[in-house]
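Below: the structure, in structure tokens.
Since the structure is predicted, the reported quantities are computational estimates derived from the model, not experimental observations.
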2 protein chains.
Amino acid sequence: MMDNSFCSEYWPQTTDLNQDSPFLHPQVPNINSFQLHNYPESFQGETASASRSHSEAEKRRRDRINAQLSTLRKLIPTSEKMDKAALLGSVVDHVKDLKGKTTEISKMLNTPTDIDEVTIEHLNEEENKGSASESKRKDNSVILKVSFCCDDRPELFSELQRAIKSLKLTVAEADITSLGGRIKGIFLLCLSENSAKDVCMHSLKQSLRVVLCGIAISPSTSNYRIKSKRQRFFLPAQFS
Amino acid sequence: MMDNSFCSEYWPQTTDLNQDSPFLHPQVPNINSFQLHNYPESFQGETASASRSHSEAEKRRRDRINAQLSTLRKLIPTSEKMDKAALLGSVVDHVKDLKGKTTEISKMLNTPTDIDEVTIEHLNEEENKGSASESKRKDNSVILKVSFCCDDRPELFSELQRAIKSLKLTVAEADITSLGGRIKGIFLLCLSENSAKDVCMHSLKQSLRVVLCGIAISPSTSNYRIKSKRQRFFLPAQFS
DNA sequence: CGTGACACGTGAGAC
DNA sequence: TGTCTCACGTGTCAC
């Protein structure tokens, strides 16, 4: 019997090792080499024990690598009976393939990226040119185009709604796409004419940015992203 | 100097080996071990040469694997300074991640799959129920919903157009999505009332199926798919 | 016979 | 110090 119980003893194991039949691959000896290897009885000093622990550690290392290779082999179709190098070759192909597909899709769709961001744009700003004071506008209609990208989470929508409401803005249009635990949204926000009269445009945008960044930008982004590698996927929400 | 000139001598190399600095990884010895290893002059028989060629072959094998690992390392962000096992772990994560994203997208979009297929559906068929003979219809309007999925290629559209025209059908609506060298199309095809009078519905569908399968279903699918792994990506066409 | 693929134990360098 | 990783050469099985 193959003894690989020490395989995942301390290592940050990202993949599930199935305990039964760890490597479904040709030429895997089904004997424990440590029992097979006869160390001479006359040479049982600390050198021998060091050598033994060394070879055991090395076996653990090999097992870790091979375990990943075997999970990789399960992910790649028709990779059974493949060479190690050939397997890795098809993995390279698949990664490139999938990367190409996802970036291609990202171009045609409003797809979330890996970078948190919040942008705010004043759509009808050109009507204010020539006006010295920003708070005195010729036109009362205010439309803000807001786009954000961040990790998805259940409370996100209610937080956004509360934030938008608190600034007396209303959602004219929204396009939200969620993908792989990330979410990207583009909102068209309107300020009612009544409210628009009393508001300084600059501070409104500032406030909106602050509150949106508080919602969207994850604290210590890099750490969070590393921890939340494995996330669920779900279908995109689309509402108006 | 590292001598790995024999690295890609015959092997089906799917990834580009950059000749300079083949492995940007710690602990790569920069000496040629075959020159270092001194075989005893008194023992230059065929056993020695066999052993030598064996170890050289083994080195070639290791180099192939390591070359793939290094290309893999380039594909995975922040995988520099990673363990071999850790690198493979991230590769597993990335593959799962990308797979999840693409299947998720496939669900929300009319995205091509890896399986060639042609389906033909008679949209207003229910109006013919109760009619004994299929060639005598109460209604002259004929709408066929056709969907196909196959490898993309430049001549595909002209071939489709010619096929559709030859059956006196016209395109009422078309939704075509191309992704990763594969293409999926959904057509609504109309038969003009004049022509509809003279045509047997059954044989029309049969003919359409035959001609579409001739266009869409690749000959010896599996071989073709394996050969055309690396394909270009381009944005989807959408016309009506 | 050789050739290829794999697991193994070992020496060496890094921390 | 020990512990981890890597490249290496070897034994071995399969074709």
- prompt: Can you tell me how far P of C:dA7 sits from CD of A:E56, to the nearest Å?
  reply: 18 Å
query: Quick one: B:R52 CZ to D:dC8 C1', roughly how many Å, whole number?
result: 14 Å
message: So, does A:R64 get its side chain near the phosphate of D:dC4, meaning an N or O under 4.0 Å from OP1 or OP2?
response: no
message: Tell me whether the side-chain N/O atoms of A:R61 come closer than 4.0 Å to OP1 or OP2 in D:dC4.
response: no
message: Let's test your reading of the model: under 3.5 Å, does the base of D:dC4 pair with the side chain of A:E58 as donor and acceptor?
response: no
Under 3.5 Å: donor-acceptor pair, side chain of A:T177, backbone of A:T111: no
query: Is the phosphate of D:dC4, meaning OP1 or OP2, less than 4.0 Å from a side-chain N or O of B:K84?
result: no
task: Grab the stems for DNA chain D, please: at least three consecutive Watson-Crick or wobble pairs, both distances below 3.5 Å, written as range with range.
output: C:2-15 with D:2-15
- request: Take the protein atom CG of A:D83 and the nucleotide atom C1' of D:dC15, then report the distance between them rounded to whole Å.
  value: 14 Å
- prompt: Do A:K99 side-chain atoms and B:L75 backbone N/O form a donor-acceptor pair below 3.5 Å?
  reply: yes
- prompt: Just how far, in rounded Å, is C1' of C:dG9 from CG of A:D63?
  reply: 14 Å
message: Test side chain to side chain contact (heavy atoms under 4.5 Å, CB included) on A:R182 and A:D116; report intermediate values, then the result.
response: CA-CA 9 Å; A:R182 297 280 296 173; A:D116 289 346; 2.8 Å; yes
task: Applying side chain to side chain donor-acceptor pair (under 3.5 Å), name anything that partners A:Q206, two or more places apart in sequence or on another chain.
output: none
field: Interatomic distance, A:I65 CD1 vs D:dT5 P [rounded to whole Å]
entry: 8 Å
task: Without swapping roles, check the side chain of B:S79 against the backbone of B:R73 for a donor-acceptor pair under 3.5 Å.
output: yes
query: Of all residues at least two apart in sequence or in a different chain, which pass the side chain to side chain contact (heavy atoms under 4.5 Å, CB included) check with A:T119?
result: A:E117, A:S147
- prompt: Once you round it to whole Å, what is the distance between C1' of D:dC8 and NE2 of B:H54?
  reply: 11 Å
Note: A:R162-A:E159 ion pair, threshold 4.0 Å (strictly below): no
task: Could you check how far NZ of B:K81 sits from P of D:dT5, rounded to whole Å?
output: 15 Å
query: How many Å lie between CZ on B:R73 and P on D:dT5, as a whole number?
result: 13 Å
Heavy-atom donor-acceptor pair, A:R62 side-chain to C:dG9 base, under 3.5 Å: yes
